[in-house]
Amino acid sequence: MTHVRCRETDILKAPPCDNIRNSTTRTGCLVTDRNNTMAATTVKMFVALSLVVLVLQGESVEGRSFSIDYDNNMFLKDGEPFRYISGSIHYSRVPRSYWQDRLTKMYAAGLNAIQVYVPWNLHEPKPGKYDFTGNNDIEAFLKMANDTGLLVILRPGPYICAEWDMGGLPSWLMKDNSSIVLRSSDPAYLGPVDTYMAQLLPRIKPLLYNNGGPVITVQVENEYGSFYTCDYDYLRHLRELFLQLLGPDVVLFTTDGWWDGVLKCGTIDGLYTTVDFGPGTDPAGAFHGQRKHQPKGPLVNSEFYTGWLDHWGQPHAHTDKDKVATYLEKMLQMNASVNMYMFEGGTNFGYMNGANGPFKPQPTSYDYDAPLTEAGDPTDKLTTISNVIAKFRQLPPGPVPPATPKAAYGKVQMTFEATVLDKLSDLSPDGPIRADYPITMENMQQSYGFMLYRTTLPTAAEGVKLSVPGIRDRGFVMLDQTPAGILSRNGPMDLNITVQAGQVLDIVVENQGRINFGRYINDSKGIIANVTLGNDTLRSWDIYSLSIDGALPTMFSRPSNPAVNINDGLPALSPALQQDIEGIDGELTNQEKRSAQPQRSRAGQMVPSFYTGKFSIQDDPQDTFLNMKGWTKGQAFVNGFNLGRYWPVEGPQITLYVPASVLKSDNNITLFELEASPCGTSQSDVDCSVEFQDRPIINATVSRRRGEKHDSVSIGSAPPELDAFTAVVSFVSGVVFSVAYPISTVLNIIFS
């Protein structure tokens, strides 16, 4: 008689167990009679199929459990003591084609878990319109983590911060409701929260650890104690909602700073209290703060900062690897569970970067000085951290996979195509909305990007002040299609101009990213207040939503020229040469375009304009970096993919990360330059081109005056003055790290 001893958990592919210091390996079912392999296989298949059904239904799998042992101050996984050593990664900031690469590197570095934010505005971009496909397929990402051997700490919001636009909240919450109280019991907010969570959390339930998936804990809200509302009814509502949609056995938790002022408003019964702090903060003191509000249970640092975020116009953040390692080891010696924020930062592709108050927008790169770079490459910091982890748990065999290959594709000549005013019918095919006064971007049902506000001036005036106090965030002013100046939320918000009656005033407004932390996350965009000219309020506006991403696929496409064929004796001219000679459909030839440029003001400002270029790749595409030296400010696209914002004159980021997945054999690049291009100028060191190189530049010299240009600097070759400056900044940051975050949060609460 054949005896088959088989545990259900052996059949499911599951992450390795971690008994704090030892990693155990799951084995297959033991069949005592080798002659009956087929019978054993049949049993395995039956049990596996049964488990699949249970998992799909979101029902618990026998033998799998994750819970908190309050008496012994630890997590229990399948009844055994457990602690996680985790790292944060955001699937929304990493191309899907690289998810596996990044997860494999994190696993190989010694992590047994990852921490993941879920941005609401990514998955519900319009009310009731959900997107869980492609790069937004969170279920596929979580399953991939599971298959890699990584558990998951999930942070589904609804608010996430994360230096992400509006902290992950969708901007449409503010449509026709600027007074909505976000992150509170306001029904105007809670209703959409309930509807969204009813879409998201049932997708997560089958992926809970108890149900056969990788998700061991789920965070409710995020750093809520730092927000001014302090609404316990809101937290209770979320707790009950999560339990209803995920089941009663899920471990729910909160995360806040470690000081009493924020923990008081950020915690309630039924949600496990965790804290966050970085290197430089004494772990014993920080965990004492946790213990005041969570007397029993495991010590948990949910955000141990391996680096820090950047802002335009400020030096690239740097945190010393040895300091990170020292404080990580101190926490692990205390048997704490730790998540490192970030382990890989990634990229704010498109328009998704956030901003900090009063208004400091973050750049496209979210490198974060993390153990894996923006492009997913291992650093010395990763090696140092991995060496610490090896003291507490067995590392997987083999090295961390190497960096992905990079390519330098060289310079690409750019050609002026058209101004934004030339292409209004393409960019705003439905035409303008007419209103007496300016309308916000949200009330125009637009979330990101650019808008155009247009009015005809009623009277003439000389040296009069044009005032736009409600500019959000940057405005490019034109009179009769001639540049007249730039307005900014950070100043100036007005300019002196001379106007004639009947002149057309155009203001192209850029949304630079919504505030993601603090009271003022309800950060409306566009022009949010009246515009005045002298003492007169301007009225009768035509307001255009500009859909650049939507228009690009066809905006510059051209019909092909018929081939020249005389008795099959002459080959056809190439389209480019044909256009050089003839032009197409009455448009300028390429040669004419190279000499044609948009009109500039005396200060060098031009009408926001589009430039295009083409380049080819012979072999398989590789990652590369787009160097924007010589250009001023704008948005870059490769093959229609929105790489993000560039602003090299502000720094510290000069290059944009271009993942291989967006490249092909024949490629096109489009720039929407807002202020001034290098094309057609007298600059001797810059021509009308961009360059693809194999190394990033995200730590270049920061301009000391707004608009001051500077030379870009390659990584590892910063000028002496920058080295000295960075060293001072790093030293000061290390000294004040433990108090800067709490002070900023306390001030935010006080002034709220």
Side-chain angles (χ1 to χ4, degrees), residues 13 87-108 111 113-125 129-152 154-156 160 162 164-165 168 199-200 203-204 206-207 213-215 342-353 364-368 370 372-378 401-407 448 549 553 617 620-626 636-644 656-664 667:
K13 181 173 179 61
S88 288
I89 179 174
H90 300 159
Y91 61 94
S92 55
R93 285 177 161 132
V94 177
R96 180 168 181 161
S97 58
Y98 278 138
W99 286 352
Q100 187 63 70
D101 172 79
R102 310 304 195 253
L103 292 171
T104 300
K105 289 171 179 173
M106 296 173 78
Y107 177 79
L111 304 185
I114 59 171
Q115 190 190 84
V116 181
Y117 273 136
V118 184
W120 180 2
N121 53 16
L122 199 69
H123 293 292
E124 193 178 4
K129 304 294 183 182
Y130 301 99
D131 185 358
F132 293 95
T133 64
N135 225 89
N136 298 343
D137 191 344
I138 182 174
E139 294 164 277
F141 179 78
L142 297 180
K143 291 173 183 176
M144 190 178 293
N146 192 40
D147 292 343
T148 306
L150 292 163
L151 299 169
V152 173
L154 194 69
R155 307 173 86 179
I160 62 171
W164 190 262
D165 186 272
Q199 288 287 328
L200 172 66
R203 300 170 188 271
I204 302 303
L207 298 169
V215 179
M342 297 291 298
F343 211 84
E344 194 212 350
T347 307
N348 295 313
F349 293 116
Y351 309 105
M352 300 312 297
N353 65 276
T364 299
S365 172
Y366 195 64
D367 178 85
Y368 213 84
L372 291 172
T373 69
E374 177 184 11
D377 298 338
T404 56
K406 308 295 188 293
Y448 315 105
D549 299 67
I617 297 174
D620 290 338
Q622 309 290 359
D623 287 358
T624 186
F625 300 91
L626 179 62
F637 305 79
V638 169
N639 297 326
F641 180 82
N642 194 333
L643 296 177
L656 293 172
Y657 171 54
V658 185
S661 57
V662 309
L663 298 173
K664 51 188 180 180
N667 304 274

Could you tell me how the ring of His90 sits relative to the ring of Tyr117: parallel (under 30°), tilted (30 to 60°) or perpendicular (over 60°)?
tilted
Looking only at heavy atoms, what is the nearest atom pair of Thr404 and Asp377, with distance?
N-OD1, 3.4 Å
Can you check whether Tyr91's main-chain N or O pairs, donor with acceptor, with Asn135's side chain at less than 3.5 Å?
yes
Ring-plane angle category for Tyr657 and Phe625, please: parallel below 30°, perpendicular beyond 60°, tilted otherwise.
tilted
Please assess Ile204 against Leu142 for the test side chain to side chain contact (heavy atoms under 4.5 Å, CB included), listing each intermediate value before the final yes or no.
CA-CA 9 Å; Ile204 302 303; Leu142 297 180; 3.8 Å; yes
So Asn348 and Tyr366, do their side chains get closer than 4.5 Å, heavy atoms only?
yes
Closest non-hydrogen contact found for Leu663 with Gln622 is CD1-O, 3.4 Å
Using 30° and 60° as the class limits, which term best fits the ring planes of Phe132 and Tyr130: parallel, tilted or perpendicular?
parallel
Heavy atoms, side chains only, cut-off 4.5 Å: are Val658 and Phe641 in contact?
no
If you round to the nearest 0.5 Å, how far is OG1 of Thr364 from CG of Leu626?
11.0 Å
For the student: nearest non-hydrogen atoms of Glu374 and Thr347, plus distance:
OE2-OG1, 2.7 Å
Donor-acceptor pair, side chain of Lys105 and main chain of Gly376, under 3.5 angstrom:
yes
Residues Tyr98 and Pro659: closest non-hydrogen pair is CE1-CB, 4.3 Å
Using side-chain heavy atoms (C-beta onward) and a distance below 4.5 Å, is Asn121 in contact with Met352?
yes
Checking Glu344, Gln115, Arg155 against Ser88 for side-chain hydrogen bond (donor to acceptor under 3.5 Å, both in side chains), the one that qualifies is Gln115
Would you say Asp623's side chain and Ala660's backbone share a donor-acceptor pair under 3.5 angstrom?
yes
Would you say that Pro214 contacts Leu207 through its side chain, given a criterion of any heavy-atom pair below 4.5 Å between the two side chains?
yes
Taking the side chain as everything from C-beta on, heavy atoms only, tell me whether Ile138 gets closer than 4.5 Å to Arg203.
no
Determine the minimum heavy-atom distance between Asn667 and Asn639, stating which atoms define it.
OD1-ND2, 2.8 Å
Walk me through whether Leu122 and Asp131 qualify under side chain to side chain contact (heavy atoms under 4.5 Å, CB included).
CA-CA 7 Å; Leu122 199 69; Asp131 185 358; over 6 Å; no
Could you please spell out the steps behind the side chain to side chain contact (heavy atoms under 4.5 Å, CB included) verdict for Met144 and Phe141?
CA-CA 5 Å; Met144 190 178 293; Phe141 179 78; 5.5 Å; no
Nearest 0.5 Å please: distance from the CG atom of Asp137 over to the CH2 atom of Trp99.
5.5 Å
Please tell me whether Tyr351 and Asp549 have a donor and an acceptor in their side chains that are separated by less than 3.5 angstrom.
yes
Of Asn146, Thr148, Asp147, the one forming a side chain to side chain contact (heavy atoms under 4.5 Å, CB included) with Leu150 is Thr148
Contact summary for Phe349 and Arg93, nearest pair of heavy atoms:
CE1-O, 4.0 Å
